[in-house]
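Scroll down for the structure; my scribbles are underneath it.
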Amino acid sequence: MDFRNIMELKYKEILENYLKDQNEQVLYQGQKFSRKTIEHKISPEEIISLHRSLIMEMEPEMPDSIVHSFDVLLEVMIGYGLAYREHQSLRNQQQELRGEIEIAANMQQTLLGTKIPSEDCLDIGAISVAAKTMSGDYYHFVKEKNRISVAIADIIGKGIPAALCMSMIKYAMDSLPENQYNPSSVLENINRVVEQNVDPTMFITMFHGMYDTDKHTFYYSSAGHEPGFYYHSSKKQFSDLSAKGLLLGIDKKTKYQQYEKYVEIGDMIVLLSDGVTECRTEQGFLEREDLVEYIQKYIHLNSQEIVNNIYKDLEKLQDFQLRDDFTLIILKRKC
C-alpha cells in the first residue's frame with residue numbers, strides 16, 4: 001500500500017473521530033498528519049479534494065451549496081499549492097546557497113589569513129570583522145629582516161565578488177619579487193593587475209606601508225584609501241596620515257607618491273578602512289574627531305587591546321549591526 005492510500009485511510013480516521021468527539025487530541029493528530037504530508041510533498045489541493053470526497057461519503061444528504069463551496073476552496077488551494085511549492089523550492093536553493101557561501105567564507109579566511117608579526121621595538125594590533133558573511137576588506141603583514149610591511153585594502157562592495165577580488169589581490173602581492181618592498185612600487189604593480197583583471201565597475205582602495213626597524217622610519221603610499229592617523233607621543237596630539245593617490249584599476253600607468261615619517265618612541269600609526277569612520281549612529285556618521293577620542297580612551301593599553309576595545313564600543317554604538325566591513329590596525333613604537 002503506497003503512502004497516498006495510507007494517507008486517505010488516516011485522514012478518514014482523523015475526520016471521523018473529530019466529528020464524533022471534538023477534542024484537542026484528535027486535532028493534534030491532524031497536525032502530525034500535516035507534517036507527514038509535507039514530507040511526502042502532498043499538495044494542499046489534494047488534501048482538500050480528499051476532504052471533499054470523504055465528507056460527501058459521510059454526509060450524503062449534505063446541501064448542494066456546501067458541496068459547491070468545496071469547489072471554490074479547491075480552486076483557491078490550487079493557486080496556493082503552486083505558490084507554496086515554489087516557496088519550498090526557493091527555500092531549498094537558499095539553504096544550498098547559504099552552505100556554499102559559508103564554505104567560501106571559510107576558504108576566504110584561509111586564503112587571506114595573515115599573522116601579526118612579532119618585533120621587539122613595535123607593538124602591533126589588528127582587527128578585521130566582516131559586515132556580512134564575506135568581507136570586502138583585506139589586510140596583510142610581511143616581515144623581512146629589518147622591514148615590516150603592512151597592506152590594507154577595501155573594495156567598494158560586499159559579498160562573493162568582493163571576496164574573489166581580494167583573493168586576486170592577495171595572490172598578486174604574494175607574486176611580487178622579493179626585493180619589491182617600496183610601497184609606491186607595490187601599489188603600481190598591484191594597480192596594473194587590477195586594471196587588467198577587475199571589472200571597471202568595482203572600485204578598490206589600498207594603503208601600503210613599510211616600517212624600517214633599523215631607521216624607525218615608516219614609508220607609505222595610498223591608492224585613494226581612507227587616511228589613517230599619526231599619534232605624536234611627545235605632543236600628545238593626533239594628525240591625519242594623509243597620502244594622495246588614484247584608486248586601483250583606473251589607469252594602469254598611474255604613479256604613486258611615496259611618503260615617509262620618522263617614528264619616535266611612543267608614537268603610534270593608526271590604519272583603518274572606511275567601515276570604521278563611517279559607523280552610523282543616531283546622530284549620523286562617526287566623525288574622525290570622535291574616533292580619536294575612542295583611541296585616546298584606551299591609549300594606555302597595548303595595541304591589540306586598543307583595537308579590540310574600540311571595535312566593541314563602535315559595535316555597541318551601532319546596536320551590534322555593522323553596516324560595513326571593519327578593519328583597524330595600530331603600530332606603536334616601544335623602544
Side-chain angles (χ1 to χ4, degrees), residues 112-129 137-154 173 178-187 206-222 225-243 258-273 275-277 288-315 326-335:
L112 303 186
T114 187
K115 184 179 179 181
I116 298 175
S118 176
E119 177 62 39
D120 292 340
C121 65
L122 277 181
D123 174 24
I124 305 174
I127 186 170
S128 187
V129 182
D137 279 5
Y138 163 71
Y139 78 96
H140 191 63
F141 289 100
V142 176
K143 182 179 180 180
E144 297 176 318
K145 297 180 181 178
N146 65 324
R147 299 186 300 271
I148 292 180
S149 296
V150 55
I152 178 170
D154 183 7
M173 292 194 67
E178 292 184 5
N179 62 347
Q180 193 69 269
Y181 55 83
N182 288 330
S184 58
S185 299
V186 170
L187 288 186
M206 189 171 186
F207 179 99
H208 194 277
M210 188 270 289
Y211 190 101
D212 188 314
T213 55
D214 289 339
K215 299 178 181 178
H216 292 291
T217 300
F218 187 62
Y219 304 89
Y220 59 98
S221 293
S222 176
H225 197 75
E226 180 78 15
F229 295 99
Y230 189 88
Y231 175 67
H232 304 264
S233 179
S234 59
K235 302 176 185 177
K236 299 189 183 304
Q237 291 180 351
F238 283 85
S239 62
D240 287 346
L241 194 67
S242 298
Q258 184 163 295
Y259 304 80
E260 62 180 74
K261 199 169 190 66
Y262 179 72
V263 183
E264 301 277 359
I265 295 175
D267 285 5
M268 205 161 56
I269 298 162
V270 182
L271 308 177
L272 58 148
S273 65
V276 180
T277 53
R288 289 175 67 85
E289 293 78 10
D290 299 325
L291 181 57
V292 165
E293 290 180 8
Y294 279 102
I295 299 172
Q296 289 176 322
K297 178 181 176 182
Y298 299 111
I299 203 165
H300 60 286
L301 301 174
N302 66 49
S303 295
Q304 192 59 53
E305 290 175 325
I306 295 174
V307 297
N308 288 344
N309 280 288
I310 291 174
Y311 168 70
K312 290 176 183 177
D313 284 356
L314 296 186
E315 183 189 34
F326 182 107
T327 302
L328 182 62
I329 298 171
I330 289 180
L331 298 88
K332 183 193 297 185
R333 181 182 171 187
K334 296 188 296 184
C335 59

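Residues M268 and I295 meet the side-chain proximity criterion, which asks for heavy atoms closer than 4.5 Å. Two residues are said to be in side-chain contact when any heavy atoms from C-beta on lie closer than 4.5 Å; I124 and S303 fail this criterion. Looking at heavy atoms from C-beta onward, I299 lies in side-chain contact with F238 at the 4.5 angstrom threshold. Counting heavy atoms from C-beta on, the side chains of H216 and Y262 come closer than 4.5 Å.
Under the 30°/60° scheme for interplanar angles, the aromatic rings of H140 and Y138 are found to lie parallel. Ring geometry, Y220 versus Y259: the interplanar angle falls under 30°, so the pair is classed parallel (tilted spans 30 to 60°). Ring pair F326/Y311 is perpendicular by interplanar angle, where above 60° counts as perpendicular and below 30° as parallel.
Interatomic distance, CD of E119 versus CZ of R147, reported as 12.5 Å (0.5 Å rounding). Taken from CD in Q258 to OG in S222, the straight-line distance is 12.5 Å, to the nearest 0.5 Å. With values rounded to the nearest 0.5 angstrom, I148 atom CD1 is found 11.0 Å from I116 atom CD1. Here OG1 of T277 is found 10.5 Å from CG of L328. Values are rounded to the nearest 0.5 Å. Once rounded to the nearest 0.5 Å, the distance linking OG of S273 with CG of D137 reads 4.0 Å. Atom-to-atom distance recorded for L272:CG and T327:OG1 is 9.0 Å, nearest 0.5 angstrom.
For the pair K332 and L301, the tightest heavy-atom approach, listed with the atom from each and the gap, is NZ-O, 3.1 Å. Nearest heavy atoms, I329 versus A126: CG1-CB, 4.0 Å. Residues E264 and Y230 approach most closely at N-OH, 3.8 Å, considering heavy atoms. In terms of heavy-atom proximity, I306 sits nearest to Y298 at CG1-O, 3.1 Å. Looking at every heavy atom in both residues, Y139 comes nearest to S128 through CE2-CB, 3.5 Å. Residues Y211 and V263 come closest through the heavy atom pair CE1-CG2, 3.7 Å.
Of the possible donor and acceptor atoms, none in the side chain of N146 sits under 3.5 Å from a partner among the backbone N and O of T213. Using a distance-only test at 3.5 Å, with no hydrogens or angles considered, no donor-acceptor pair links the side chain of Q237 to the main chain of Y231. Using a distance-only test at 3.5 Å, with no hydrogens or angles considered, no donor-acceptor pair links the side chain of N182 to the main chain of S185. Between the side chain of T217 and the main chain of D212, no donor-acceptor pair closer than 3.5 Å is present.
For the pair K297 and D313, the salt-bridge criterion is met [side-chain N within less than 4.0 Å of a carboxylate O]. Under 4.0 Å is where a charged nitrogen must lie from a carboxylate oxygen, and between E226 and R288 at least one such pair does.
Remark: K334 NZ is packed, more than 12 non-hydrogen atoms of other residues, nucleotides or ligands lying under 6.0 Å away. For D120, the CG atom is loosely surrounded, since the number of other residues' heavy atoms within 6.0 Å does not exceed 12.
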Could you go through the side-chain contact (heavy atoms from CB on, under 4.5 Å) check for S149 and H208 one step at a time? CA-CA 7 Å; S149 296; H208 194 277; 4.0 Å; yes
Candidate pair V129 and I127, rule side-chain contact (heavy atoms from CB on, under 4.5 Å), full reasoning: CA-CA 7 Å; V129 182; I127 186 170; 4.0 Å; yes
Please assess M206 against M173 for the test side-chain contact (heavy atoms from CB on, under 4.5 Å), listing each intermediate value before the final yes or no. CA-CA 12 Å; M206 189 171 186; M173 292 194 67; 3.3 Å; yes
Worked verdict on L241 versus F229 for side-chain contact (heavy atoms from CB on, under 4.5 Å): CA-CA 5 Å; L241 194 67; F229 295 99; 5.8 Å; no
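Side chains of N309 and E305: a donor-acceptor N/O pair is absent below 3.5 angstrom, by distance only.
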